[in-house]
Amino acid sequence: MSQVRKTSIPSLQRKKHDGQAITMLTAYDYPGAKLVEAAGADIILVGDSLAMTVLGHPDTVQVTMDEMLHHCKAVSRGAQRAFLVGDMPFMSYQVDRREAIQNAGRFLKEANMDAVKLEGGQPVAATIKAIVDAGISVMGHLGLTPQSATQLGGYRIQGKTAKDALRLYEDALLLERSGCFSLVFEAVPEPVAREISKKLTIPTIGIGAGPGCDGQVLVFHDILGLSGDFAPQFIKKYADLSEPIVSALKKFCEEVEGGQFPGPEHSFKMDATELEQFLEKANKPDQSWI
Ligand code: KIV
């Protein structure tokens, strides 16, 4: 059996150093993880975006630790090579540092993740350091941080003014010093993300942050056209699977209703003598064979 070469933090670091783009995709379950692995992505993020893509919530705020762990476990069973990052949900790391370390640890111990991701800059930097000091690798997330979208005034681009861009830069340096092995930049002007990425030693992964980041991430359902009408500018739909999926499901319903499915090729045969005996007894009115 061939040995699978697992993506590691040093290999991600090397990619940045060599100017090779890092690829990250979200996945939320076993088949999704297998597909993303087959595509060759370096990192699988079990994002809290699953609150919307899989659980049907309007935003990421409501997803719980137990729900995140449930999905992380499934993903870890479908992935051998990709580096696995579990997203810490809202309120699992903000209240208490000790609780944050324990929750981060659950992603590794119970759900087989390689690292966790946390949103925010200065307010969570000390927590990130504490988690890293406990031996857990952390990916940061700056710019548009969906868990605090209400405070940011909605889902809007961040770091548009010189002052805001400098604050973003400061936060990025702080998270690097706090021990993050990588940072996500979400919805940040391209030149800002490019400049900060150059200044940092750790790799940056962009979503709506332009090509100047060291890598790119997109959400599984968005790439495949499974997110309905949700279509922010920074998403590229690489396929529109919703139409062929609905059409296949429709065909099933039509064939069942029309008696074409299941056909003989989908049904199991039985030995003729056994069948004869079965029918003879089953059709006895008194059921004395029971
Ligand atoms: O939850 C998520 O999918 C994310 C990515 C968009 C980076 O955080």
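Heavy-atom basis, side chains included; hydrogens, waters and symmetry copies ignored. Remember, it's 1-based here, ligands and their atoms both numbered in the order they're listed. By convention here, the first residue in the shown sequence is residue 1.
- Between the side chains of Glu176 and Thr201, at least one donor N or O lies within less than 3.5 Å of an accepting N or O.
- In summary, Asp29 and Lys34 do not engage in a salt bridge, as defined by a charged side-chain N under 4.0 Å from a carboxylate O.
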Could you go through ligand 1 and list every pair where one of its N or O atoms sits under 3.5 Å from a protein N or O, giving the atom names and the distance to one decimal?
from: ligand 1; atom 1: 1 (O); to: Asp48; atom 2: N; distance (Å): 3.2
from: ligand 1; atom 1: 1 (O); to: Asp48; atom 2: OD1; distance (Å): 3.0
from: ligand 1; atom 1: 1 (O); to: Ser49; atom 2: N; distance (Å): 3.0
from: ligand 1; atom 1: 1 (O); to: Ser49; atom 2: OG; distance (Å): 3.3
from: ligand 1; atom 1: 1 (O); to: Asp87; atom 2: OD2; distance (Å): 3.2
from: ligand 1; atom 1: 3 (O); to: Ser49; atom 2: OG; distance (Å): 2.5
from: ligand 1; atom 1: 8 (O); to: Lys117; atom 2: NZ; distance (Å): 3.0

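- In this structure, Tyr28 has its ring center under 6.0 Å from that of His221.
- Looking at Lys15 and Asp42, a side-chain N of the basic residue comes within less than 4.0 Å of a carboxylate O on the acidic one, giving a salt bridge.
- If you run side-chain hydrogen bond (donor to acceptor under 3.5 Å, both in side chains) between Asp87 and each of Lys117, Gln147, His141, only Lys117 comes through.
- Annotation: the span from Lys199 atom NZ to Tyr169 atom OH amounts to 5.0 Å, rounded to 0.5 Å.
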